[in-house]
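Below: one structure, written as structure tokens.
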2 protein chains.
Amino acid sequence: MKNIEIEDDLYKYILANIEAFGETPSQILRRLLSLPDAFENTVASVTPTLKSIPSDQKVELVKPDIIDGAQISLPASLAHGVKILFESKVFKQETIVTHKFMMMLTAMYHENKDAFVAAAQKTKGRTRDYLGQNLKVLLATENKEELTLLKASKPRDIPYTPFWVITNANTARKRIIMTQMMSTMGYPQDLIERIKEEI
Amino acid sequence: MKNIEIEDDLYKYILANIEAFGETPSQILRRLLSLPDAFENTVASVTPTLKSIPSDQKVELVKPDIIDGAQISLPASLAHGVKILFESKVFKQETIVTHKFMMMLTAMYHENKDAFVAAAQKTKGRTRDYLGQNLKVLLATENKEELTLLKASKPRDIPYTPFWVITNANTARKRIIMTQMMSTMGYPQDLIERIKEEI
DNA sequence: GATCGGATCGGGGGGATGGTTG
DNA sequence: TCCAACCATCCCCCCGATCCGA
């Protein structure tokens, strides 16, 4: 049971609508609101959370875009390419290298999807892929052994993107992956050289 | 004002029909029942009670302010921003860290609401939110499991504010939260550095 | 006995390091 | 065999929330 505080006139109004002797305010309210006696409704919370990059959830959204047929809204900080991203506050304030790494990839994807797709295919290690599409499908499809191996690399979805990246790598390797991606995609040399300062 | 007792589910139903932050159950009921507004306007019910922060009840009240359409009166000690707060007697004499923590947040909210709102969204832990709006609604809406988790963090309404904060944290973490909030809101570095002395 | 502040300690994630492969 | 490149184990630190003491 809960106690709520209401103004006197509202209280009078409720009592004025009494229909049976001994009816409680609560019962009267139910009737007035056309609610069943045993009302049991859960209002589901619909908050799509982006657990992987915690920092800029509800930031200004721009650029409605289409990914896999679904429309998405991209945070402003990620919508204007790598160069602008480097200058953005959210990027500078982010301390976790993996997050910066993924933010860059998001920005790059939206800057040039075709080039990104091509570069993603070429960027891989000796035994493992570094990037790919549709992580969920991959995780569902592979056989047990391969799956264990795959998971060891800690692949994660790149936010606002149909791609995933490997996450279990030291910073040096993350730089290598970034460098390869940016080179293949044709980013200018001076921007590529900034990688080691930025992440 | 009258108090009436209602079942939990009815209470949830009422809160589920909230349309504006800070709306009281009474106001919601009026709308649902198509009743005119009361002539006597409520202030008390919107204002989070200050039973948690003791002993400045009879203190000078200043700065009539608007929170979500309701007018409130703010204790002088909390009305002039963080810097003044640090120098105030009530703050210095307060021994409970959590109270000081919340006093600072109240002061910060009134010093710059927009910045506060933005900073509150960004300030969060790995799995839990640190601040948010409308605790009542949150508590009524979430599903059982999430609710238990949420409650473990002991969220409390920040007095004179539509926000709540996590309270179940050690002092070190409270400092981290404060630091993040103040940085994001753009407080000067020297004030931020005083956090570890002040709380 | 009940409540409340918040230190303590278990758990989880980031990514450096040591081991492995070609 | 040795070296370079790569992999993924595992350490350390951060975060959460249980629980102890006031």
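These numbers were taken from a predicted model, which means no experiment stands behind them. Proteins get letters first, then strands, A, B, ... in listed order; numbering begins at 1 in each.
A sub-4.0 Å separation between OP1 or OP2 of C/dG15 and a side-chain N or O of A/Arg175 is absent. For A/Arg128 and D/dC7, the shortest distance from a side-chain N or O to OP1 or OP2 is below 4.0 Å. Within the 4.0 Å cut-off from OP1 or OP2 of C/dG6, at least one side-chain nitrogen or oxygen of B/Thr98 is found. Residue B/His99 places no side-chain N or O under 4.0 Å from the OP1 or OP2 atom of C/dC4. Side-chain N/O atoms of A/Arg173 include none lying less than 4.0 angstrom from OP1 or OP2 on D/dA4. OP1 or OP2 of D/dC7 has not a single side-chain nitrogen or oxygen of A/Arg126 nearer than 4.0 Å. Using a 4.0 Å cut-off, no side-chain N or O of B/Thr167 falls inside it from OP1 or OP2 of C/dG5. Phosphate contact (OP1/OP2 of D/dC15, side-chain N/O of B/Tyr130, threshold under 4.0 Å): absent.
Taking atom CD1 of residue A/Ile166 and atom C1' of nucleotide D/dA8, one finds them 10 Å apart after rounding to whole Å. The separation between B/Asn170 atom CG and C/dC4 atom P is 20 Å, rounded to whole Å. At whole-Å resolution of the value, CG in B/Leu150 and C1' in D/dT18 are 16 Å apart. Distance, A/Ile177 CD1 to D/dA5 C1': 13 Å, rounded to whole Å. The separation between B/Asn168 atom CG and D/dC20 atom P is 14 Å, rounded to whole Å. Rounded to an integer number of Å, the gap from NZ of A/Lys174 to P of C/dT17 is 13 Å. Atom CD in B/Glu94 sits roughly 15 Å away from atom P in C/dC4 (whole-Å rounding). Per the geometry, CE belonging to B/Met178 stands 15 Å off P belonging to C/dG6, to the nearest Å.
Between B/Phe91 and B/Phe86, the two ring planes are tilted [angle within 30° to 60°].
Side chains of B/Glu111 and B/Tyr187: a donor on one and an acceptor on the other come within 3.5 Å.
For the side chain to side chain contact (heavy atoms under 4.5 Å, CB included) criterion with A/Phe163, the lone passing option out of A/Leu105, A/Asn134, A/Asp157, A/Val117 is A/Val117.
With hydrogens and angles left out, the side chain of A/Lys154 and the base of C/dG15 share a donor-acceptor pair within 3.5 Å.
Distance alone, capped at 3.5 Å, places no donor-acceptor pair between the A/Lys154 side chain and the A/Lys151 backbone. Between the A/Arg156 side chain and the A/Val165 main chain, no donor and acceptor come within less than 3.5 Å of each other.
Nearest-nucleotide positions on DNA chain D for A/Thr127 and B/Leu149 put A/Thr127 closer to the 5' end.
When both pairing distances are held under 3.5 Å, C/dT21 makes a Watson-Crick or G-U pair with D/dA4.
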